[in-house]
Amino acid sequence: MANEVRVRFPPSPTGYLHIGGARTAILNWLYARQHNGKLILRIEDTDTGRSTEESIQGIIDGLNWLGIDWDEGPYFQTDFTAEHQAAAQKLLAAGKAYKCFCTKEALDSKREAAMVAKQEVRYDGTCRHLTPEEIATFEATGTPSVVRFKVPERQGGVGYDDQVLGRIEQQYSEISDFVIVRSNSKPLYLLCNVVDDIRDRISHIIRGQDHKDNTNRQILLYEALGAPVPIFAHMPLTLDTKRAKISKRSHGEIVSVQWYRDHGFLPWAMVNFLCLLGWSAGDDREIFSKEELLTAFSLDRINKSNAIFNYKKDDPKFITDPKLLTINAHYLRTMDLEELARLVKKELAAAGIWQAAYEGEQREWFLKTLDMTRERFYTLKDFVTQGRAWFADDFEMCPQALKKNLLKHAELQEWLPELAGRMAAMANFTAEETEKVARDFAEEKQTKPGIPINGCRAVLTGQIKGPSMFEVFEHLGKETVVRRLRETGKWFAK
RNA sequence: GUCCCCAUCGUCUAGUCUGGUCCAGGACACCAGCCUUUCACGCUGGCGACAGGGGUUCGAAUCCCCUUGGGGACGCCA
């Protein structure tokens, strides 16, 4: 099993799953599933005081909702602190790391000064060449120290063959001795990460390009620890329209997977969309089933350049990236109706307008309602907003419908109740028959059919758009149609 | 300041490795038309890009160099 594919997703607990993190998780998951490998979930909870039950649960909830399952874990980095420390001791003992007694303040000011002077910013190696006597003196006085990795003083450089970027190399001289253990003896990310990946026998590290510069330092660690170096693949980052990293701080809830769950998005639509950010199959396909994605996916088709999450805060028409909306709508409109019904049930229940009959004697009616209306919908929320009139009488009327299709034609205030009377007398309340009645009515009033018909749309559905009105008449049913048409006056009264 | 990476329509991208079939293809968005009681769907059409400059070559989006632009990193954060 030496060639077993083992990948990992190592989020730090933040209370929510970031869409960038979700994308990383998805690609790792795809790679694991595609190669019959294992996905390991590891919570990187070192340092952060924010590592709480809730913040960890937020990550797990997000993954569960997306349908990303893992094979091992969650492991917690802090459970392996002793192992991390042992690795540091091993390096220290082997002369591959050294104690550094420089104070944080001194280093900070040096770094600050270098930044300001636009000089090279790196550790100057002050403690690298301390004599045993000097070290003994520091220790005798109880001077706190950190452990730094001793970057080899060789010619040439370290490098690796990135599966996305190609060959990446860096000169040893460009890498300064980095800290691997804090002065409070807590090991740092760079070390922990490597020790954990070695223990978990990770074969492929698929992560964001923001980790690219860590890689060479980590390879040095692998070598010093005598462990095989995994294969790396650095995926492009997701930026905002100003090419800045997307973050909850500057973009709000829109960057968290939970937001999409709470706003009527379908998990697979989300997965599909996120995959397309920085990857393509090489043909024109954009909609992928899980099976198709598992077949089509490959690391070498991941893009090198960063992708932009096309979200414009000030555009009310698009609550998020329009492509995501399109993909969500696609699945909403084509997915299995029964499955859709289960999802819509939750929305109706949350809105307080669910009725048990929708699963009983009105089941067929309910399913047909969804099928009729989903053609125009983008998210599950639309069923309880634009589609509310199908399930409840207390719907709002959209302003354009009110203005353009009702108030503009004052005569509708009399006409619609009159039409209600005709419809009440109908024996066969079908689309064909209602159309006939409606058209005859318009002709009689010497007006365009669209005027009474769209007036009906407003009064019956509250919308300016929707399915064919004749189908609406039939499906909504005579009783409701007549009742609402008779109440036309209330809209004028408002 | 130093190092690393990247660069095709507004956005996601195909094409780049293996130059010619690309005066650059698809999708989203946008615009127009058709359809229609409305909107949507659908269909048809339109708008719209190889960052700039050098080179190599018979020929460059594709190879090389420079410039510019963007991103990342340089932490006792992860």
Side-chain angles (χ1 to χ4, degrees), chain A residues 10-12 14 44-48 77 100 102-104 107-108 111 114-123 144-148 162 164-166 168-171 173-176 178-184 186 188-190 192-193 208-217 234 236-237 239 241 243-245 273 276-287 300 303-312 315 317-318 321-327 329 333 375-377 401 404-405 435 438-439 442 448-458 463-470:
Chain A
S12 50
T14 48
E44 309 238 305
D45 55 350
T46 47
D47 169 70
T48 61
Q77 198 158 57
C100 170
C102 296
T103 65
K104 192 177 190 305
L107 294 173
D108 284 347
R111 182 167 42 247
M115 285 283 197
V116 171
K118 295 199 180 295
Q119 297 288 302
E120 191 173 359
V121 181
R122 73 196 324 267
Y123 178 59
S145 65
V146 300
V147 178
R148 276 184 193 275
D162 193 285
V164 173
L165 264 12
I168 305 278
E169 272 178 358
Q170 204 173 7
Q171 296 297 303
S173 57
E174 292 296 341
I175 307 172
S176 62
F178 51 93
V179 178
I180 53 178
V181 182
R182 294 182 175 88
S183 54
N184 65 5
K186 292 250 171 70
L188 252 12
Y189 166 78
L190 233 35
C192 300
N193 200 247
Q209 281 180 22
D210 49 344
H211 286 284
K212 193 185 49 173
D213 291 310
N214 287 330
T215 307
N216 283 322
R217 289 183 290 171
H234 288 96
L237 268 23
L239 309 176
T241 50
R243 297 179 194 281
K245 264 188 177 178
F273 169 75
L276 258 21
L277 235 41
W279 173 85
S280 74
D283 48 38
D284 290 338
R285 287 181 297 165
E286 300 204 305
I287 297 293
D300 58 16
N303 261 290
K304 293 179 180 178
S305 47
N306 295 335
I308 290 171
F309 181 68
N310 195 16
Y311 159 63
K312 300 191 187 79
D315 194 340
K317 190 170 173 189
F318 300 107
D321 189 309
K323 197 136 193 174
L324 170 54
L325 241 15
T326 302
I327 292 175
R333 294 168 195 184
E375 204 54 45
R376 288 161 187 78
F377 290 170
K404 191 180 164 203
N405 288 341
E435 173 164 11
R439 288 190 187 281
K448 286 185 290 186
I451 290 173
I453 292 170
N454 285 319
C456 287
R457 181 184 301 286
Q463 296 293 302
I464 196 163
K465 58 182 183 178
S468 158
M469 266 317 285
F470 313 117

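Just so we're on the same page: letters track the sequence lines, and every chain starts at 1. Values below: all heavy atoms of this structure, side chains included; hydrogens, waters and symmetry mates excluded.
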So which atom in A:Leu277 and which in A:Ala307 form the shortest heavy-atom distance, rounded to 0.1 Å? CG-CB, 4.1 Å
Indicate the atoms forming the closest heavy-atom contact of A:Ser305 with A:Pro236, along with that distance. O-CB, 3.2 Å
Establish, with yes or no, whether the OP1 or OP2 oxygen of B:A29 is under 4.0 angstrom from a side-chain nitrogen or oxygen of A:Thr326. yes
Please state whether the phosphate of B:C3, meaning OP1 or OP2, lies under 4.0 angstrom from any side-chain nitrogen or oxygen of A:Arg122. no
Check A:Asp321 with A:Lys323, please: is the shortest side-chain N to carboxylate O separation under 4.0 Å? no
Are OP1 or OP2 of B:C77 and a side-chain N or O of A:Ser12 less than 4.0 angstrom apart? no
Are any of A:Arg439's side-chain N or O atoms less than 4.0 Å away from OP1 or OP2 of B:U37? yes
Identified pairing partner of B:A7, criterion: Watson-Crick or G-U wobble below 3.5 Å: B:U68
Is the phosphate of B:U11 approached by A:Arg243 (side-chain N or O, under 4.0 Å from OP1 or OP2)? yes
Between A:Arg111 and B:A73, does any side-chain N or O lie under 4.0 Å from OP1 or OP2? no
With the criterion set at under 5.5 Å between ring centres and under 30 degrees between planes, would B:A78 be stacked on A:His211? yes
Looking at B:A14, I'd like to know if its phosphate oxygens (OP1 or OP2) sit under 4.0 Å from a side-chain N or O belonging to A:Asn303. yes
Strictly below 4.0 Å: does A:Lys304 bring a side-chain N or O up to OP1 or OP2 of B:C6? yes
